[in-house]
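I have placed the structure first, in the form of structure tokens, so that the comments after it can refer back to it.
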Amino acid sequence: MTFTSHMPLALDEARAAAARGEVPVGAVVVAPDGRVLAHAGNETRGRNDPTAHAELLAIRAACAALGQERLTGCALYVTLEPCAMCAAAIAASRIARLYYGAADPKSGGVAHGARVFAHPQAHHAPEVYDGIAAEAAAALLTEFFAARR
């Protein structure tokens, strides 16, 4: 199977989130056969829910689509390094591969901060690929926050 990046769809979700006034983060869950199972952008403000991060929404939708609580063999594309909460959900859902764009030194939970997958308590650690379309993802975040200052 040829590798296809689904980061462009994640970036589209991030742009849509920004247009709704949400922090521009987008996520896509892809099945082992390459089918897109779910995609989402942040909705914390719209849902009045601090857990409505793009990753969690996409994971929930993908699990619902498959009718199971595990996403074994699936890949997750997200525009920003997942926070500790999302990293824990990624581990719990048994996602096989995580592709993310921009690093998040302030709130990240994968390469920064909590480094969830490095802990012995992590039940599962996906393969992690960082820096995928990092410039585009970082630019969305920079523009979003600059417009609010």
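Note: hydrogens, waters and symmetry copies are ignored here, and every other heavy atom, side chains too, is used.
Looking at every heavy atom in both residues, Arg97 comes nearest to Gly73 through NH2-O, 3.3 Å. Nearest heavy-atom pair across Ala102 and Ala138 is CB-N, 4.0 Å. Heavy-atom minimum distance, Leu11 versus Ala136: CD1-CB, 4.1 Å. Taking each heavy atom of Ala17 and Pro24 in turn, the nearest pair found is CB-CA, 4.2 Å. Of all heavy-atom pairs between Ala31 and Cys74, the closest is CA-SG, 3.9 Å. Looking at every heavy atom in both residues, Gly109 comes nearest to Ala87 through O-CB, 4.1 Å.
Looking only at distances, a side-chain donor or acceptor of Arg115 sits under 3.5 Å from a matching main-chain atom of Ala111. Checked by atom type and distance alone, the side chain of Arg47 never pairs as donor or acceptor with a backbone atom of Arg45 at under 3.5 Å. Distance alone, capped at 3.5 Å, is enough to place a donor-acceptor pair between the Glu81 side chain and the Asp104 backbone. Without hydrogens or angle criteria, Gln68 side chain to Cys63 main chain gives no donor-acceptor distance under 3.5 Å.
Between atom CE of residue Met85 and atom OG of residue Ser107 there is a gap of 11.0 Å, rounded to the nearest 0.5 Å.
Using a 4.5 Å heavy-atom threshold, the side chains of His53 and Cys83 count as touching. For the pair Asp12 and His39, the minimum side-chain heavy-atom distance is 4.5 Å or more. His112 is not listed as a side-chain neighbour of Lys106, based on a closest heavy-atom distance of 4.5 Å or more. Proximity of Leu140 to Thr79: side-chain heavy atoms (C-beta onward) are nowhere separated by under 4.5 Å.
For residues 121-130, the side chain to side chain donor-acceptor pair (under 3.5 Å) pairs, not counting sequence neighbours, are Glu127-Tyr129. Applying the side chain to side chain donor-acceptor pair (under 3.5 Å) test to residues at least two apart or on different chains, none of the pairs has a partner in residues 135-149.
Between the side chains of Thr44 and Asn42, not a single donor N or O lies within less than 3.5 Å of an accepting N or O.
Other cluster members for Leu66: Val23, Val25, Val29, Leu37, Ile59, Leu71, Leu76, Val78, Leu80, Ile90, Ile95, Leu98, Tyr100, Val110, Val116, Phe117, Val128, Leu141, Phe144, Phe145, joined by side-chain heavy-atom distances under 4.5 Å among Ile, Leu, Val, Met, Phe, Trp and Tyr.
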Stepwise side-chain contact (heavy atoms from CB on, under 4.5 Å) test for Val36 and His6
CA-CA 8 Å; Val36 172; His6 294 275; 3.7 Å; yes
Pair Tyr99-Ser5, side-chain contact (heavy atoms from CB on, under 4.5 Å): steps then yes or no:
CA-CA 9 Å; Tyr99 301 91; Ser5 175; over 6 Å; no
